[in-house]
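Notes follow the structure.
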Amino acid sequence: YEPFMFWWEILDTWRKLILTGFVLFIPETKSFLRIFTALLVCLAYFVLMLVLKPFKRDALLVILFQLSLACIFIGALTIKAYSDVAEAVGDDQAKEIFGVSSTLTFVLFMSIFNLAVLLFLVIVVFINFLYARPASVLRLVGTNHLPNISLPK
């Protein structure tokens with residue numbers, strides 16, 4: 001992290017706690033509110049990360065993971081909304097409103113999107129590995145030779 005962002009890890013830990021634990025305090029009967037709260041926390045963290053830029057190096061991987069997480073929550077909201085509408089007014093009306101015949105379409109779209117993000121991340125890591133600079137080597141200023149350093153026995 002950047003030195004002025006020493007507190008970012010604490011914020012990240014709170015985000016994880018909220019997403020994995022605190023949303024469970026919302027009653028299960030209000031599952032739409034649970035997902036919506038998780039989405040808002042995810043988007044707030046995402047915006048803070050883009051504005052404050054807490055990482056020393058390029059945070060492309062973190063940004064893509066956050067984007068993927070936000071898309072998962074949006075997909076979960078869509079699936080929940082489709083299920084609620086289908087239950088309330090019937091499948092035919094839900095098909096007409098959402099333009100798809102079942103929630104499987106949303107699941108397939110989310111799966112394909114997340115696999116594409118994962119593939120992109122693997123490609124980025126591989127390219128970074130290929131073009132990584134070798135580690136710097138200490139050299140003596142006067143002779144430009146490697147120092148003769150030995151450990152005592």
Side-chain angles (χ1 to χ4, degrees), residues 1-139 146:
Y1 300 113
E2 293 288 347
F4 69 93
M5 297 300 290
F6 63 92
W7 51 269
W8 189 260
E9 190 64 35
I10 296 168
L11 180 72
D12 188 44
T13 302
W14 273 103
R15 176 190 64 90
K16 291 173 187 174
L17 276 171
I18 291 169
L19 291 179
T20 59
F22 292 156
V23 293
L24 296 178
F25 289 127
I26 300 172
E28 192 173 337
T29 57
K30 299 182 181 190
S31 57
F32 193 87
L33 182 61
R34 278 184 175 185
I35 300 169
F36 188 70
T37 303
L39 176 63
L40 287 180
V41 169
C42 181
L43 290 176
Y45 182 83
F46 184 66
V47 169
L48 278 174
M49 186 176 51
L50 290 176
V51 170
L52 297 177
K53 298 179 180 154
F55 301 104
K56 284 186 177 182
R57 288 188 245 163
D58 187 25
L60 178 65
L61 298 178
V62 179
I63 290 170
L64 286 176
F65 278 127
Q66 278 302 117
L67 180 64
S68 182
L69 187 60
C71 288
I72 288 171
F73 286 130
I74 290 169
L77 275 175
T78 307
I79 289 170
K80 178 65 177 152
Y82 184 92
S83 298
D84 289 350
V85 168
E87 185 178 309
V89 297
D91 283 334
D92 293 333
Q93 192 70 17
K95 288 177 192 177
E96 190 176 316
I97 292 171
F98 286 91
V100 295
S101 59
S102 71
T103 58
L104 182 62
T105 307
F106 299 119
V107 172
L108 287 174
F109 175 75
M110 287 181 354
S111 299
I112 291 169
F113 176 78
N114 284 310
L115 285 174
V117 168
L118 183 63
L119 179 65
F120 180 73
L121 292 175
V122 167
I123 290 170
V124 167
V125 168
F126 182 72
I127 289 172
N128 283 341
F129 178 74
L130 286 179
Y131 293 106
R133 295 182 310 189
S136 300
V137 178
L138 285 173
R139 297 197 178 266
L146 296 174

Within the 4.5 Å heavy-atom criterion, are [X] and [Y] side-chain neighbours or not?
X: L48; Y: W8; value: yes
X: K95; Y: V100; value: no
X: L19; Y: Y45; value: no

What heavy-atom pair brings [X] and [Y] nearest, and what distance separates the two atoms?
X: L69; Y: R15; answer: CD2-NH1, 3.9 Å
X: S31; Y: K80; answer: OG-CE, 2.8 Å
X: C71; Y: F113; answer: SG-CE2, 3.6 Å
X: M49; Y: V62; answer: SD-CG1, 3.2 Å
X: S68; Y: V117; answer: CB-CG1, 4.3 Å
X: L39; Y: A70; answer: CD1-O, 3.6 Å

Roughly how far apart are [X] [atom1] and [Y] [atom2], rounded to 0.5 Å?
X: S111; Y: L104; atom1: OG; atom2: CG; value: 9.0 Å
X: I79; Y: I74; atom1: CD1; atom2: CD1; value: 12.5 Å
X: T105; Y: F98; atom1: OG1; atom2: CZ; value: 12.0 Å
X: D84; Y: L77; atom1: CG; atom2: CG; value: 10.5 Å
X: I63; Y: F55; atom1: CD1; atom2: CZ; value: 8.5 Å
X: L67; Y: N114; atom1: CG; atom2: CG; value: 9.0 Å

Counting only heavy atoms not in [X], do more than 12 fall under 6.0 Å of its [atom1]?
X: F22; atom1: CZ; value: yes
X: F65; atom1: CZ; value: no
X: F46; atom1: CZ; value: yes
X: L130; atom1: CG; value: yes

- [ ] Evaluate the ring planes of Y82 and F106, with Trp represented by its six-membered ring, and classify them as parallel (under 30°), tilted (30 to 60°) or perpendicular (over 60°).
- [x] perpendicular
TODO: Evaluate side-chain contact (heavy atoms from CB on, under 4.5 Å) for L24 paired with R34, printing each intermediate quantity in order.
DONE: CA-CA 7 Å; L24 296 178; R34 278 184 175 185; 3.9 Å; yes
Open item on the list: Tell me if a side-chain donor or acceptor on T13 pairs with a main-chain N or O of E9 at a distance below 3.5 Å.
Closed with: yes
Open item on the list: Between K16 and D12, does any NZ, NE, NH1 or NH2 come within less than 4.0 Å of an OD or OE carboxylate oxygen?
Closed with: yes
